[in-house]
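Have a look at the structure below, then the notes.
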There are 2 protein chains.
Amino acid sequence: MASLHDVAQLAGVSKSTVSRVINDEYGVKKATRIKVMKAVEEVGYVVNQVAKDLKSQRTHLVGVIVPRVSSHATAQGVDGLSKVFDEAQKHVLLASCQQNAQKEIEYIQLFNKKRVEGIVLYATHIDQQLVHAIQQSYAPVILVGQDGSLFNIPSIIHDDLRVGFEAGNRLLNAGCRQIGFIGVADSDVAVDKMRSEGLQQALQMRQAEPLLFHSHGEFTIESGYSQMKQLLERFPQTDGVFCATDRIAIGAINALKDAGITAGKEVKILGVGNDELSAVCAPSLSTFNYAFDKAGESAARVLLELIEGKPQVMSKVVLTFQNIDRETC
Amino acid sequence: MASLHDVAQLAGVSKSTVSRVINDEYGVKKATRIKVMKAVEEVGYVVNQVAKDLKSQRTHLVGVIVPRVSSHATAQGVDGLSKVFDEAQKHVLLASCQQNAQKEIEYIQLFNKKRVEGIVLYATHIDQQLVHAIQQSYAPVILVGQDGSLFNIPSIIHDDLRVGFEAGNRLLNAGCRQIGFIGVADSDVAVDKMRSEGLQQALQMRQAEPLLFHSHGEFTIESGYSQMKQLLERFPQTDGVFCATDRIAIGAINALKDAGITAGKEVKILGVGNDELSAVCAPSLSTFNYAFDKAGESAARVLLELIEGKPQVMSKVVLTFQNIDRETC
DNA sequence: TTGAAAGCGTTACCAA
DNA sequence: TTGGTAACGCTTTCAA
């Protein structure tokens with residue numbers, strides 16, 4: 001592949017001159033410019049950005065780490081942040097970890113070798129190892145979805161405590177008395193811990209019955225289904241269920257259906273996320289709208305400021321949500 | 001940020017020696033090795049991959065260009081190809097074009113500057129300009145979703161003609177006589193042209209009534225809804241509709257519902273893709289399963305072979321599909 | 001208006 | 001077993 005050197009030779013000028021022409025600098029005679037441009041055409045010269053990056057010590061690269069891209073939260077998020085980065089002329093190096101938490105750390109290190117200017121990390125949990133890796137990172141890291149502010153890692157999160165609190169109030173207002181929670185791994189602070197805690201706070205404050213159950217499963221429809229099925233047997237008195245995500249909630253709706261129960265009548269169901277699925281399923285799912293695209297955009301914007309060396313002004317951004325009332329509550 | 005040079009100085013050895021230690025080459029005295037490792041720790045040395053890439057003339061980078069990531073086809077595809085590239089130690093530079101076709105070309109050029117080793121392009125249409133840009137690319141390009149084999153661009157596609165043909169047969173077998181097609185932009189050969197053409201061929205072969213209508217819209221539920229609504233007025237005799245995608249089909253189901261018609265009874269509906277939505281909506285959507293994850297994996301694998309300099313053995317891979325029978329047909 | 005040379009951080013070859 | 005040096009492809013400074 002042709003280099004500046006080849007072009008220079010063909011045009012009969014020096015590399016410096018070719019460089020000047022390529023970069024539209026002035027102070028080059030028109031005749032030389034044309035001569036050079038012709039040579040560029042002829043050899044099919046394409047700038048070597050790697051060399052340029054090395055010379056300039058800037059890569060214009062940002063790293064994005066996600067557990068997987070085919071989830072509502074991350075897909076929307078990646079589109080959101082791509083847009084912002086694109087406008088800022090940054091390019092996205094994407095790593096999909098296939099749910100393998102160890103890889104998050106490997107990618108943080110890899111991205112540092114690649115000299116990315118910043119990293120957006122969609123985490124599902126946060127432990128000592130991860131915190132350490134982030135602190136070791138030369139490139140600034142911003143966390144999305146989990147709260148790392150305790151460790152001074154700037155974070156974009158959703159208001160998971162309040163969403164649980166709201167869920168409790170919505171279920172109680174709908175007349176529920178025996179309320180349970182279907183969550184995910186308890187290492188997931190945002191999705192499992194905060195949301196259930198908010199729910200419990202609401203029950204306490206309203207002096208309702210304490211939480212009937214809190215079960216742990218996966219982020220899938222199938223998992224929601226099988227959990228709800230088991231829970232129905234153990235807790236037939238259940239009349240309200242708050243599910244940590246919409247997909248889990250849809251599984252729960254199906255389990256109720258199979259048991260001859262209509263979600264929204266005998267048992268109220270509430271999800272989180274406002275996944276497209278929730279509008280389409282039957283009965284349609286009452287939920288909370290989480291602005292995943294805005295989360296991505298915010299993360300990108302905050303990271304850009306950090307990259308530009310602006311002082312870090314916030315320790316976290318907590319995004320709000322909207323109640324979405326449909327048929328199941 | 002510390003470089004080999006700094007480490008060398010601190011350890012009191014030459015850069016060459018440090019390089020040898022870093023890269024685990026043998027022929028280094030144990031004592032020196034330890035001395036160097038200590039220095040590495042001390043200055044927090046991190047390899048500069050940019051310099052390494054320049055020196056070795058290899059970036060281990062592949063570019064992936066998508067119209068957007070938050071669609072079933074691309075999200076699944078990106079996860080699939082990420083997995084394969086990850087195993088092959090390649091890293092993914094992702095560009096989300098926000099449906100702006102001009103950007104596809106810009107990104108092909110940008111990626112060449114960045115010296116990616118190959119490019120996966122999810123295209124929504126294919127024109128002279130795009131073909132030209134691909135032919136100019138030094139990095140091999142593989143197309144997903146559209147057939148570029150006519151221009152000698154290796155392509156991974158779904159069997160869009162046959163899916164239309166099958167759709168025709170399924171609708172006819174279900175007793176439909178007045179069949180229409182709801183498509184997308186007619187510049188989209190794969191999704192609009194091929195699928196409708198297959199449908200027409202089935203109608204012809206079975207000597208059924210010719211296609212009642214062929215309308216053009218967007219890839220959204222809303223668009224499917226508004227089109228179906230209009231078409232119902234113009235063609236009240238319709239008893240079967242093949243929709244170019246599942247989302248469009250779901251919009252159509254809702255439009256029928258609003259008109260007091262049950263999809264699957266008076267009017268049969270068929271979609272394409274087996275989007276998760278199709279299993280969850282009511283009535284549930286009969287469709288065709290497209291293996292988007294496999295498409296991504298295939299693309300990655302084919303590209304890897306090209307990168308490794310293996311001869312190009314195929315001009316396209318046509319993936320098959322499965323009929324998914326649910327309630328609407 | 002142009003060119004020569006140094007240097008970005010590596011590796012690889014040759015010499016010591 | 002180690003070190004010096006050139007080279008990867010570019011930009012930038014200084015001199016001509």
Side-chain angles (χ1 to χ4, degrees), chain A residues 1-40 43-61 109-117 138-139, chain B residues 1-40 43-61 109-117 138-139:
Chain A
M1 206 154 163
S3 73
L4 270 193
H5 179 80
D6 304 311
V7 178
Q9 241 174 1
L10 184 64
V13 297
S14 74
K15 291 190 295 173
S16 326
T17 303
V18 179
S19 173
R20 291 191 188 102
V21 174
I22 300 291
N23 294 297
D24 258 341
E25 287 169 21
Y26 75 139
V28 182
K29 223 197 320 182
K30 201 165 227 167
T32 357
R33 181 179 296 277
I34 294 173
K35 202 165 52 177
V36 170
M37 305 241 278
K38 205 179 295 176
V40 166
V43 300
Y45 174 74
V46 176
V47 176
N48 185 330
Q49 193 66 42
V50 180
K52 229 170 159 160
D53 287 353
L54 175 60
K55 177 70 183 168
S56 68
Q57 303 284 67
R58 304 213 56 193
T59 58
H60 304 279
L61 223 49
Q109 291 164 351
L110 177 77
F111 284 173
N112 271 281
K113 293 187 189 161
K114 289 242 169 218
R115 294 299 189 268
V116 300
E117 300 180 349
Y138 286 95
Chain B
M1 205 155 163
S3 74
L4 270 192
H5 180 81
D6 304 310
V7 179
Q9 239 172 6
L10 184 64
V13 297
S14 74
K15 291 192 293 174
S16 321
T17 303
V18 179
S19 174
R20 290 191 189 100
V21 173
I22 300 290
N23 294 297
D24 257 341
E25 286 168 23
Y26 72 135
V28 182
K29 223 198 320 184
K30 201 165 226 165
T32 358
R33 181 179 296 276
I34 294 173
K35 201 166 52 177
V36 171
M37 305 242 278
K38 205 180 294 177
V40 165
V43 299
Y45 173 74
V46 176
V47 176
N48 186 330
Q49 193 65 43
V50 180
K52 228 170 160 160
D53 288 352
L54 174 62
K55 177 71 182 164
S56 68
Q57 303 283 64
R58 305 213 54 191
T59 57
H60 303 280
L61 224 49
Q109 292 164 350
L110 176 77
F111 284 173
N112 271 282
K113 292 187 190 163
K114 288 240 171 219
R115 294 298 190 266
V116 300
E117 299 180 350
Y138 285 94

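Atoms considered below: every heavy atom in the structure, side chains included; atoms not considered: hydrogens, waters and symmetry mates. In what follows, chains are A, B, ... by sequence order, proteins preceding strands, each numbered from 1. Every value quoted in this text rests on a predicted model; they were computed, and no experiment measured them.
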Nearest of dC8(C), dT5(D), dG3(C) to any side-chain atom of T17(A)? dG3(C)

Could you check which of dT11(C), dG3(D), dG9(C) has an atom nearest any side-chain atom of R20(B)? dG3(D)

Does a side-chain N or O of T32(B) approach OP1 or OP2 of dT1(D) to a distance below 4.0 Å, or not? no

Atom CD1 of I22(A) to atom C1' of dC10(D): distance rounded to whole Å? 11 Å

Interatomic distance, R58(B) CZ vs dC8(D) C1' [rounded to whole Å]: 15 Å

Of S16(B) and L54(B), the one whose nearest nucleotide on DNA chain C sits closer to the 5' end is L54(B)

What's the spacing between Q57(A) CD and R115(A) CZ if we round to 0.5 Å? 8.0 Å

Quick one: pull up CG in L4(B) and CD in Q9(B) and give me the separation to the nearest 0.5 Å. 12.0 Å

Rounded to whole Å, the NZ-P distance (K15(B) to dA12(C)) equals 14 Å

How long is the line joining CG of L4(A) and P of dG7(C), in whole Å? 20 Å

Heavy atoms, side chains only, cut-off 4.5 Å: are V40(B) and V21(B) in contact? no

Assign each of R33(B) and K55(B) to its nearest nucleotide of DNA chain D by heavy atoms, then name whichever residue's nucleotide is nearer the 5' end. R33(B)

Closest to the E25(A) side chain: dG9(C), dT12(D), dT1(C)? dT12(D)

Y26(B) OH - dT2(D) C1' separation (whole Å): 15 Å

Assign V50(A) to base, sugar-phosphate, or nothing according to its heavy-atom contacts below 4.0 angstrom with the strands shown. nothing

Take atom NZ of K113(B) and atom P of dT11(D), then tell me their distance rounded to the nearest Å. 11 Å

At under 4.0 Å between heavy atoms, what does D53(B) touch on the DNA or RNA strands: base, sugar-phosphate, or nothing? nothing

Closest to the side chain of S3(B), out of dT10(C), dG3(D), dG9(D), is dT10(C)

N48(B) CG to dT11(C) C1': how many Å, rounded? 13 Å

Of V28(B) and A51(B), whose closest DNA chain D nucleotide lies nearer the 5' terminus? V28(B)

Side chain of K52(A) only, heavy atoms from C-beta on: which candidate in dC10(D), dT1(C), dG3(D) is closest? dC10(D)

May I ask you to verify if any side-chain N or O of S14(B) is less than 4.0 angstrom from the OP1 or OP2 atom of dT2(D)? no

Candidate pair R58(A) and E117(A), rule side chain to side chain contact (heavy atoms under 4.5 Å, CB included), full reasoning: CA-CA 8 Å; R58(A) 304 213 56 193; E117(A) 300 180 349; 3.1 Å; yes

Within a strict 4.5 Å, meaning less than it, do heavy atoms of the K52(B) and N23(B) side chains meet? yes

Between CD of Q57(A) and P of dT11(D) the distance, given in whole Å, is 14 Å

